K.L.:
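My questions all concern the structure below.
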Amino acid sequence: MAYEPSRIEPRWQQHWADHDLFRAVEPTEPGAAARTKFYVLDMFPYPSGAGLHVGHPEGYTATDIIARYKRMRGFNVLHPMGWDSFGLPAENHAMKTGTHPAVTTRANIDNFRRQLKMFGFSYDWSREVATSHPGYYRWTQWIFTLLYQQGLAYEAEVAVNWCPALGTVLANEEVIDGRSEVGGHPVERRPMKQWMLRITAYAERLLADLEGLDWPDSIKDLQRNWIGRSEGAEVDFPLVGHDRALRIFTTRPDTMFGATYMVISPEHPWVRELATPAQAAAVQAYVDEARRRSDRDRQAAKEKTGVFTGALCLNPATGAEIPVWVADYVMMGYGTGAIMAVPGQDERDWEFAETFDLPILRTVQTPAGFDGKAYTGDGPAINSGFLDGLEVAGAKARMIDWLVDKGLGERKINYKLRDWLFSRQRYWGEPFPLLKLADGSVRLLAPDELPLTLPEVGVYEPAGTGEGPLAKIEEWMNVDDARSGQLARRESNTMPQWAGSCWYYLRFLDPRNDHEAWARDKENYWMPVDLYLGGTEHAVLHLLYARFWHKVLFDLGLVSTAEPFQKLRNQGMILGENGDKMSKSRGNVVNPDDVIRDHGADSLRLYLMFLGPLERDKPWSTSGIEGVHRFLDRVWRLFFDENDALHPAVTDGPVDDDVQRALHRCIDQVTQMTEDLRFNTAISQMMIFTNEMNGRAQRPRAALEPFVLLLAPYAPHLAEELWSRLGHGASLMYEAWPVADPRWLVRDTVTVVVQVNGKLRDQLEVAADADPELVKETALASPKVRQWTDGKQIVKVICVPGKLVSVVVK
RNA sequence: GCCGGGAUGGCGAAACGGGUAGACGCAAGGGACUUAAAAUCCCUCGGAGCCAGCUCCGUGCCGGUUCGAGUCCGGCUCCCGGCACCA
């Protein structure tokens, strides 16, 4: 009988489950101390209604291979899975159908779990968590109370991204080009009272600690850019006729002699006061207009706009009076919301100055031949008094010293990173664990009052007033609070989806603990995550938020590492067969259920890995999976004949030298490539070994058995079946990983290539330890080489032992 | 515009201290087995040239370093991702 995955896969999945083989050993259990831990984690999925598509299991297969491989290497492996199960889709579904999001979510989770189990992934299912479960979000709420106590959570009236269509505010990150990331609805600015998390307090550490992480450089760069550190100075420009000064931030204090005007943001609090009576109307009109325009319009606008306020500042460097303008190219959210404009050295300022006919003064010598407008490069200072002649870096330092000395300013570091808008006007999220008391104060709920669970609601639509559906549930909102003795109101907002995923990797350590979020000894043993795998789409948001929370927990002594994820790798996307992104609307979605039914889980796993390098985007190919299936079929036929009996070629006899070499090379290569997550080439190596054995009339067990073990992390069901039918009683999951014998890795003869003037002219089979001089002589004597060297002058001969001989002739 | 990543046969890809370009697989073509088909096995498979043997060309484009460049350096083009008036 042929290789039939459907016959063997469910049986082994059952066997693994029955024997609890995926369970991680707790640090307190016997045996744990002797083994090194390995925590391998997937970015857990949002369980959508559509179920898995083949993109999901790519990363999960990769981590499963690593988990299984590490177990065979003797590690105590923690490999958990859970659900990021709060979120908008289930809530939208509820609005349409009236089905409670919890019901939808449960059904979706059941479907996802069923699908993942079909792959034979070796998750420790006893640790499964769901962020929407009260037993989980109870601790999410608890962490919020810690953040609040640290002064890291606060309410602020902020201009938020209000999306009328979704009836909610969105985080900056959820707004793409002025439209909602979900649904593409227009988004406008609107001031509202919102919960914020002070992630900016950790900006410097979030930046600095990237250094020590084994993450792809591209991801580190994305985070660095997102944090956007820039060094400069804050400087006070005295306002003429006022007894105060306008404070600006600049990264180019060296150019201050060239500051010919000032700009403040339309949102700047002083706009109204600074406007002179003559300019008041124009300023007011401009500010109103700016407020009305959405971010989208403001960004789309190419021309610079602005209005003179009528106010004047003193340039502290030159003593000159310069005008203060209001313009929307200056943002209130960065620096001080005001700038000194130096058109000579800033492209935006140049453009503005040209538009409004403001003076331009160069203060950095442009290089010879420079014919551009603003010059932002390096060069000696000119027209700059005591700075003249200094290069940019030196001039900056000198100017800052001067400003500090005169009490006009100070060194300052700014970040692009903003505080994290942490509330959403939604139902299906964590309620905030606090009460707003009648006296205006806030009372955090105590741990014994958690979880604060979601009430049942009849209608899931937002209130439309900027408040979420909870605001309408008066009996839930209003509390006669016994502990404070006051009447109180709850918070109608809920937390964003990111909240639950900020710490799930910690809950996996101790998922059923109902008196603390995790036990210290478990955290100490398992953390940090040794390998974290997921898509690049989480490069900044999830990974930055989780790092932030983790650092807060670290500062509180609740976790033992400063960083949660020591090693991070990204998997690419599986594209549709046509090379497009897989999506329902494009009609190119591949459903794993179908593939597994037709080819088996092992074939699908193997194919996903064989497709190409893990981190790259790769198109799905139906005929490709058939090829991988054929490979497994060939492996099967290495062992069994047509009658499903052990093949007569499988012997107990000795292994000949050629097979030894093939086997040990395979062990060596597969081991290295698995370690390096280069699964595609590891599979190639196994194919090469299979091809080698295929033609042989003698296939000794002593060669086949190690091969089965190599195959086991990749195609675990097939490997188990082979192992068991070779007569082994127990599962191979904890068999020792084969070790390559170096004796079989050294080759006794090697091919040396001979080049003449860089072109390949001959190849020699020589002993691996042949004398280089002798090889050189042989090469020069070769007729094929002589053909190219005869009658020419040999200028040079380069010998790379075991590799090549390169002859240079003239 | 700025910051990443990428470009190798008909296709997915190998080659990563510069050293035989195309491993492995898919597709295609030919052959064996079969009454036939499927499955399986074997052979061919970058392009060109009076294709056994051999020669020339060939890793997005142009130049450079080197005995030798897919790999290193300089300058481009195109594609993908991120950021985008952040002073």
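Remember, predicted model here, so these are calculated numbers, not experimental data. Throughout, a chain's letter reflects where its sequence line sits, starting with A, and its residues are numbered from 1.
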K.L.:
Residues in ring pair (Phe, Tyr, Trp, His ring centres under 6.0 Å) with Phe352(A), at least two apart?
P.N.:
Tyr261(A), Trp325(A), Tyr329(A), Phe356(A)
K.L.:
Are the side chain of Asp349(A) and the backbone of Val342(A) linked by a donor-acceptor contact shorter than 3.5 Å?
P.N.:
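Pair found, side chain donor or acceptor close to backbone of Val342(A).
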K.L.:
Determine the interatomic distance between C1' on A21(B) and the same-named atom on A36(B); round to the nearest Å.
P.N.:
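43 Å, rounded to whole Å.
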K.L.:
Say we look at G47(B) and G9(B): how far apart would their P atoms be, to the nearest angstrom?
P.N.:
12 Å
K.L.:
Check the phosphate of C54(B) against Lys784(A), side-chain N and O only, distance under 4.0 Å to OP1 or OP2. Yes or no?
P.N.:
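Yes, within the criterion.
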K.L.:
Closer than 3.5 angstrom, by distance alone: can the side chain of Asp419(A) be matched with the main-chain N or O of Ile199(A) as a donor-acceptor pair?
P.N.:
yes
K.L.:
Quick one: list whatever passes salt bridge (Lys or Arg N to Asp or Glu O under 4.0 Å) with Arg665(A), sequence neighbours left out.
P.N.:
none
K.L.:
Is the His629(A) to Tyr3(A) ring centre distance short of 6.0 Å?
P.N.:
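Yes, they do, as the ring centres are separated by less than 6.0 Å.
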K.L.:
Indicate whether OP1 or OP2 belonging to C67(B) is found under 4.0 Å from a side-chain N or O atom of Lys796(A).
P.N.:
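True: Lys796(A) side-chain N/O within range (under 4.0 Å) of C67(B) OP1/OP2.
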K.L.:
Which residues satisfy the salt bridge (Lys or Arg N to Asp or Glu O under 4.0 Å) test with Asp214(A), sequence neighbours excluded?
P.N.:
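Asp214(A) satisfies salt bridge (Lys or Arg N to Asp or Glu O under 4.0 Å) with Arg569(A) once adjacent residues are dropped.
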K.L.:
Reckon Lys759(A) touches a base, only the sugar-phosphate, or nothing at all at heavy-atom distances under 4.0 Å?
P.N.:
sugar-phosphate
K.L.:
Evaluate the salt bridge (charged side-chain N to carboxylate O under 4.0 Å, His left out) criterion for residues Asp221(A) and Arg224(A): first the C-alpha distance (whole Å), next the side-chain angles of each, then the deciding distance (0.1 Å), finally the verdict.
P.N.:
CA-CA 5 Å; Asp221(A) 274 342; Arg224(A) 285 192 193 106; 3.0 Å; yes
K.L.:
Which letter, B, S or -, goes with each nucleotide of nucleotides 70-79 of chain B from 5' to 3', with contact meaning a protein heavy atom under 4.0 Å?
P.N.:
----------
K.L.:
Roughly how far apart, to the nearest Å, are G68(B) and G19(B) at atom P?
P.N.:
14 Å
K.L.:
I'd like to know if Lys416(A) reaches the base of C83(B) with its side chain, counting only an N/O donor and acceptor under 3.5 Å.
P.N.:
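Answer no: no donor N or O sits under 3.5 Å from an acceptor.
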K.L.:
Glu777(A): which residues meet the salt bridge (Lys or Arg N to Asp or Glu O under 4.0 Å) condition with it, sequence neighbours left out?
P.N.:
none
K.L.:
Can you tell me which nucleotide in U55(B), G6(B), G12(B) comes closest to the side chain of Trp788(A)?
P.N.:
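From the listed options, U55(B) comes nearest.
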K.L.:
What interatomic distance, in whole Å, is found between C1' of C62(B) and the corresponding atom of G12(B)?
P.N.:
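My reading of the C1' atoms in G12(B) and C62(B) gives 30 Å.
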K.L.:
For U8(B) and A69(B), measure between their C1' atoms and round to the nearest Å.
P.N.:
14 Å
K.L.:
From the list C85(B), C24(B), G12(B), which nucleotide is the closest neighbour of the side chain of Ser684(A)?
P.N.:
C24(B)
K.L.:
Is a side-chain N or O of Asp602(A) found less than 3.5 angstrom from the main chain of Leu718(A), in a donor-acceptor match?
P.N.:
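Yes: the side chain of Asp602(A) pairs with the backbone of Leu718(A).
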K.L.:
Any side-chain to backbone donor/acceptor pair from Asp762(A) onto Gln755(A)? Under 3.5 Å, distance only.
P.N.:
no
K.L.:
The criterion is side-chain hydrogen bond (donor to acceptor under 3.5 Å, both in side chains); which residues satisfy it with Thr671(A), sequence neighbours excluded?
P.N.:
Trp737(A)
K.L.:
Please output the side-chain donor-acceptor pairs of residues 783-808 of chain A that fall under 3.5 Å, not counting sequence neighbours, one pair per line with the distance.
P.N.:
residue: Arg786(A); atom: NE; partner: Asp790(A); partner atom: OD1; Å: 2.9
residue: Thr789(A); atom: OG1; partner: Val785(A); partner atom: O; Å: 3.3

K.L.:
In whole Å, what separates the C1' atom of G17(B) from that of U71(B)?
P.N.:
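One C1' to the other, the span is 11 Å.
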K.L.:
RNA chain B in dot-bracket, Watson-Crick or G-U pairs under 3.5 Å, [ ] crossing, | other strand?
P.N.:
(((((((..(((......[....))).(((((.......))))).((((....))))..(((((..]....))))))))))))....
K.L.:
Let me check something: any side-chain donor-acceptor pairs from residues 681-698 of chain A under 3.5 Å, sequence neighbours excluded? List them with distances.
P.N.:
residue: Thr681(A); atom: OG1; partner: Arg678(A); partner atom: O; Å: 3.1
residue: Ser684(A); atom: OG; partner: Asn680(A); partner atom: O; Å: 3.3
residue: Thr690(A); atom: OG1; partner: Met686(A); partner atom: O; Å: 2.8
residue: Asn691(A); atom: ND2; partner: Met687(A); partner atom: O; Å: 3.4
residue: Glu692(A); atom: OE2; partner: Arg696(A); partner atom: NE; Å: 3.3
residue: Glu692(A); atom: OE2; partner: Arg696(A); partner atom: NH2; Å: 2.9
residue: Arg696(A); atom: NH1; partner: Asp656(A); partner atom: OD2; Å: 3.1

K.L.:
Let me have a per-nucleotide readout for nucleotides 25-47 of chain B, 5' to 3', with B, S or -, counting only protein heavy atoms under 4.0 Å.
P.N.:
SSS------------SS------
K.L.:
With syn defined as a glycosidic torsion within 90 degrees of 0 and anti otherwise, which applies to G9(B)?
P.N.:
syn
K.L.:
May I ask you to say what Asp217(A) touches in the nucleic acid, namely base, sugar-phosphate or nothing, with a heavy-atom cut-off under 4.0 Å?
P.N.:
nothing
K.L.:
For the backbone of Thr305(A) and the side chain of Tyr286(A), can you confirm whether one donor and one acceptor N or O come within less than 3.5 Å of each other?
P.N.:
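Pair found, side chain donor or acceptor close to backbone of Thr305(A).
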K.L.:
In whole Å, what separates the P atom of A32(B) from that of A37(B)?
P.N.:
11 Å
K.L.:
Return the set of residues passing salt bridge (Lys or Arg N to Asp or Glu O under 4.0 Å) with Arg699(A) (not counting sequence neighbours), or none when no residue passes.
P.N.:
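Partners of Arg699(A) under the salt bridge (Lys or Arg N to Asp or Glu O under 4.0 Å) test: none.
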K.L.:
Do any N or O atoms of the protein come closer than 3.5 Å to N or O atoms of nucleotides 15-22 of chain B, and which pairs are they?
P.N.:
residue: A15(B); atom: OP1; partner: Arg678(A); partner atom: NH2; Å: 2.9
residue: G19(B); atom: N2; partner: Gln755(A); partner atom: OE1; Å: 2.9
residue: U20(B); atom: O2; partner: Gln763(A); partner atom: NE2; Å: 3.2

K.L.:
What integer number of Å spans the C1' atoms of A23(B) and A84(B)?
P.N.:
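That atom pair is separated by 43 Å.
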